K.L.:
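Structure incoming, see below.
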Amino acid sequence: QVQLVESGGGLVQAGGSLRLSCAASRRSFTSGTMAWFRQAPGKEREFVAAIRLSGANPNYSDSVKGRFTISRDNVKNMVFLQMNNLKPEDTAVYYCAAGPNVVDLGSWGQGTQVTVSS
């Protein structure tokens with residue numbers, strides 16, 4: 001199985017920034033897609049962002065587009081999520097995922113909590 005370990009979550013005030021990191025096994029980076037999802041209490045898991053192996057043309061949900069940036073470093077086997085201008089509605093557990101494409105994500109991290117206060 002592919003190992004994914006997230007870090008960087010925490011408590012931040014509205015308008016602040018956080019940078020999430022996901023350390024992956026080398027095999028994860030032979031797959032086509034890395035992605036970030038989030039889940040708030042009482043809500044369904046929500047797509048946040050995805051990036052292909054090349055790093056070109058990443059995809060974002062409308063709710064985070066313009067505020068969040070996904071990137072990857074294939075040498076270090078890591079994927080990142082830079083979150084700027086955070087809002088209270090961004091509060092959730094954020095998960096890193098990997099797979100051949102965004103609908104076939106078979107490997108998931110343990111999640112990291114992001115809390116945005118008003």
Side-chain angles (χ1 to χ4, degrees):
Q1 62 180 358
V2 178
Q3 296 291 327
L4 300 172
V5 181
E6 297 123 316
S7 62
L11 175 65
V12 65
Q13 291 184 329
S17 298
L18 285 173
R19 183 177 177 86
L20 305 183
S21 299
C22 175
S25 68
R26 184 172 181 83
R27 184 169 179 82
S28 297
F29 282 76
T30 66
S31 300
T33 298
M34 300 287 290
W36 290 94
F37 287 75
R38 67 187 183 186
Q39 186 169 26
K43 295 190 175 182
E44 298 295 322
R45 187 182 64 185
E46 176 188 21
F47 170 79
V48 176
I51 189 168
R52 299 185 70 182
L53 182 63
S54 68
N57 196 26
N59 296 320
Y60 300 93
S61 69
D62 290 339
S63 62
V64 307
K65 196 169 188 177
R67 299 188 297 120
F68 291 10
T69 302
I70 188 171
S71 61
R72 66 191 297 169
D73 185 334
N74 293 337
V75 175
K76 295 183 177 181
N77 297 332
M78 297 186 71
V79 62
F80 307 95
L81 185 68
Q82 178 66 47
M83 305 185 294
N84 297 327
N85 192 24
L86 283 161
K87 304 175 180 180
E89 52 262 43
D90 294 319
T91 296
V93 177
Y94 284 71
Y95 298 92
C96 177
N101 56 71
V102 74
V103 299
D104 293 309
L105 299 169
S107 299
W108 293 82
Q110 81 287 348
T112 184
Q113 177 71 48
V114 172
T115 303
V116 184
S117 62
S118 300

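Remember, it's a predicted structure, so these values are computed and weren't measured experimentally.
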K.L.:
Shortest non-hydrogen contact from W36 to I70?
P.N.:
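So the minimum-distance heavy-atom pair works out to CD1-CD1, 3.6 Å.
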K.L.:
I need the M34 CE to N74 CG distance, nearest 0.5 Å.
P.N.:
9.0 Å
K.L.:
Indicate every side-chain donor-acceptor pair of residues 108-118 with a distance under 3.5 Å to a residue at least two apart or in another chain.
P.N.:
| from | atom 1 | to | atom 2 | distance (Å) |
| --- | --- | --- | --- | --- |
| W108 | NE1 | L105 | O | 3.2 |
| Q110 | NE2 | E6 | O | 3.2 |
| T112 | OG1 | G9 | N | 3.2 |
| Q113 | NE2 | A92 | O | 3.4 |
| Q113 | NE2 | T115 | OG1 | 3.4 |

K.L.:
With a 4.5 Å heavy-atom cut-off, do Y95 and L4 have their side chains touching?
P.N.:
no
K.L.:
Using 30° and 60° as the class boundaries, would you call the ring planes of F37 and F47 parallel, tilted or perpendicular?
P.N.:
perpendicular
K.L.:
Sequence neighbours left out, what passes side-chain contact (heavy atoms from CB on, under 4.5 Å) with K65? Give chain and number order.
P.N.:
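Testing K65 for side-chain contact (heavy atoms from CB on, under 4.5 Å), a comparison that skips the adjacent residues, returns Y60.
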K.L.:
State whether the side chain of R72 and the backbone N or O of R52 hold a donor-acceptor pair below 3.5 Å, judged by distance alone.
P.N.:
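At least one qualifying donor-acceptor pair exists.
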K.L.:
So do S63 and E89 actually touch side chain to side chain, heavy atoms under 4.5 Å?
P.N.:
no
K.L.:
OG1/T33 to CD1/I51 distance, rounded to the nearest 0.5 angstrom?
P.N.:
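Result: 9.5 Å between the selected atoms.
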K.L.:
Quick one: do V93 and L86 end up in the same hydrophobic cluster if we chain Ile, Leu, Val, Met, Phe, Trp and Tyr together by side-chain heavy atoms under 4.5 Å apart?
P.N.:
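Different clusters.
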K.L.:
Quick check: closest heavy atoms across S17 and N84, and the distance to 0.1 Å?
P.N.:
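Heavy atoms of S17 and N84 come nearest at OG-OD1, 2.9 Å.
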K.L.:
Examine distances only and state if a side-chain atom of N101 and a backbone atom of G32 form a donor-acceptor pair shorter than 3.5 Å.
P.N.:
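Judged by distance alone, no pair lies under 3.5 Å.
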K.L.:
Taking atom CD of Q13 as the centre, does the number of heavy atoms from other residues, nucleotides or ligands within less than 6.0 Å exceed 12?
P.N.:
no
K.L.:
Are L81 and R38 close enough that some pair of their side-chain heavy atoms sits under 4.5 Å apart?
P.N.:
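Contact flag for L81/R38 side chains = no.
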K.L.:
Quick one: CG on D73 to CE on M78, what's the gap to the nearest 0.5 Å?
P.N.:
8.0 Å
K.L.:
Nearest 0.5 Å, please: how far is CD in Q82 from CG in L20?
P.N.:
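Between atom CG of L20 and atom CD of Q82 there are 8.5 Å.
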